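Being a predicted model, the structure only gives us computed values, none of them experimental. Only heavy atoms go into these numbers, but all of them, side chains included; no hydrogens, no water, no symmetry mates.
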Amino acid sequence: KRASATAAVVLASHREKEATEEETFSRVVTEETLPERPKRLPIPWKGAGLGVLAAVAGIALTALAAHLIARAAEMPPILTLSVLVVGVRTFALSKGVLRYVERLVTHHEAFQLATNLRAELWLRLVRTQRRDGLQRLVEDTDTVRDLVPRVLVPPVVAIGAGIATTVLFAFIDPAAA
């Protein structure tokens, strides 16, 4: 991926003829774009899914650690506790790794959304020939970019983790669900 980006930069820097500002402006203004209706913000489902897994790992870590403490109070042989210890370690590591990967994926999707939104808004700004909209374009796009990982993803993660926990309890004790 990095080699293709480098090749694109090399190819772009060796163009034979640059278009004048008038040619670029007339080409951009005459191009067709998407309809003018407002769009809903897409929820980054990959990041939300990883967030659900990280939340479930945290819930499992808490439950397993509590069970380990309760079983250790009975003073059984240490080998009977080793499976619980390994489970606590596994869920502790997986929670951190999953949370990190979730943040990477969610922010990547948010920046991709901001890039697409900025390009679309720029075309519309050029088409309407408004010269004062640049500052608003940057601020509004940055606001949308920041809202995606902070506002759209957490409710999806909470609902998904709640559903997963309820399903788990339904398997363990149907009366508890």
Side-chain angles (χ1 to χ4, degrees), residues 1-5 33-124 135-177:
K1 192 171 185 179
R2 180 174 231 164
S4 64
T33 60
L34 300 173
E36 296 292 324
R37 65 181 182 84
K39 296 179 183 176
R40 288 180 15 172
L41 287 176
I43 296 174
W45 292 108
K46 291 178 193 172
L50 288 167
V52 168
L53 289 176
V56 168
I59 293 167
L61 171 64
T62 304
L64 214 56
H67 185 65
L68 175 63
I69 291 170
R71 290 283 296 150
E74 298 171 356
M75 301 176 103
I78 191 69
L79 290 177
T80 60
L81 298 177
S82 63
V83 173
L84 294 173
V85 170
V86 170
V88 168
R89 286 182 181 174
T90 302
F91 285 122
L93 290 173
S94 65
K95 177 185 173 191
V97 169
L98 286 169
R99 182 71 63 205
Y100 179 76
V101 174
E102 178 256 331
R103 295 286 169 96
L104 282 177
V105 169
T106 302
H107 282 84
H108 174 74
E109 291 175 348
F111 279 110
Q112 191 65 38
L113 170 68
T115 301
N116 296 340
L117 184 62
R118 205 172 262 140
E120 182 181 333
L121 292 175
W122 182 257
L123 285 175
R124 290 181 184 186
Q135 183 66 31
R136 183 166 179 205
L137 175 124
V138 171
E139 289 174 358
D140 289 350
T141 305
D142 287 345
T143 301
V144 169
R145 182 201 63 216
D146 293 340
L147 287 178
V148 168
R150 293 184 181 140
V151 175
L152 294 179
V153 174
V156 174
V157 170
I159 291 168
I163 290 171
T165 305
T166 304
V167 168
L168 177 67
F169 277 123
F171 281 124
I172 293 173
D173 185 13

Heavy-atom pair of closest approach, residues [X] and [Y]:
{"X": "Pro149", "Y": "Asp146", "answer": "CD-O, 3.6 Å"}
{"X": "Val56", "Y": "Ala164", "answer": "CG2-CB, 3.7 Å"}
{"X": "Thr106", "Y": "Gly47", "answer": "OG1-CA, 3.3 Å"}
{"X": "Val88", "Y": "Leu68", "answer": "CG2-CD2, 4.2 Å"}
{"X": "Ala55", "Y": "Arg99", "answer": "N-NH2, 3.9 Å"}
{"X": "Glu109", "Y": "Trp45", "answer": "OE1-N, 4.1 Å"}

Atom [atom1] of [X] and atom [atom2] of [Y]: how far apart are they, to the nearest 0.5 Å?
{"X": "Arg145", "Y": "Leu117", "atom1": "CZ", "atom2": "CG", "value": "11.0 Å"}
{"X": "Ile69", "Y": "Leu81", "atom1": "CD1", "atom2": "CG", "value": "11.5 Å"}
{"X": "Leu98", "Y": "Leu53", "atom1": "CG", "atom2": "CG", "value": "5.5 Å"}
{"X": "Ile59", "Y": "Phe91", "atom1": "CD1", "atom2": "CZ", "value": "11.0 Å"}
{"X": "His67", "Y": "Leu64", "atom1": "NE2", "atom2": "CG", "value": "7.5 Å"}

Run the side-chain contact (heavy atoms from CB on, under 4.5 Å) check on Thr90 and Val86 step by step: do they pass? CA-CA 6 Å; Thr90 302; Val86 170; 4.0 Å; yes

If you look only at pairs with a residue in residues 61-83, which of them pass as a salt bridge (charged side-chain N to carboxylate O under 4.0 Å, His left out), with sequence neighbours excluded? Arg71-Glu74

Any Val105 side-chain heavy atom under 4.5 Å of Pro44 side chain: no

How far apart are the C-alpha atoms of Arg118 and Asp142, what are their side-chain angles, what is the distance that settles it, and do they pass the side-chain contact (heavy atoms from CB on, under 4.5 Å) test? CA-CA 9 Å; Arg118 205 172 262 140; Asp142 287 345; 2.7 Å; yes

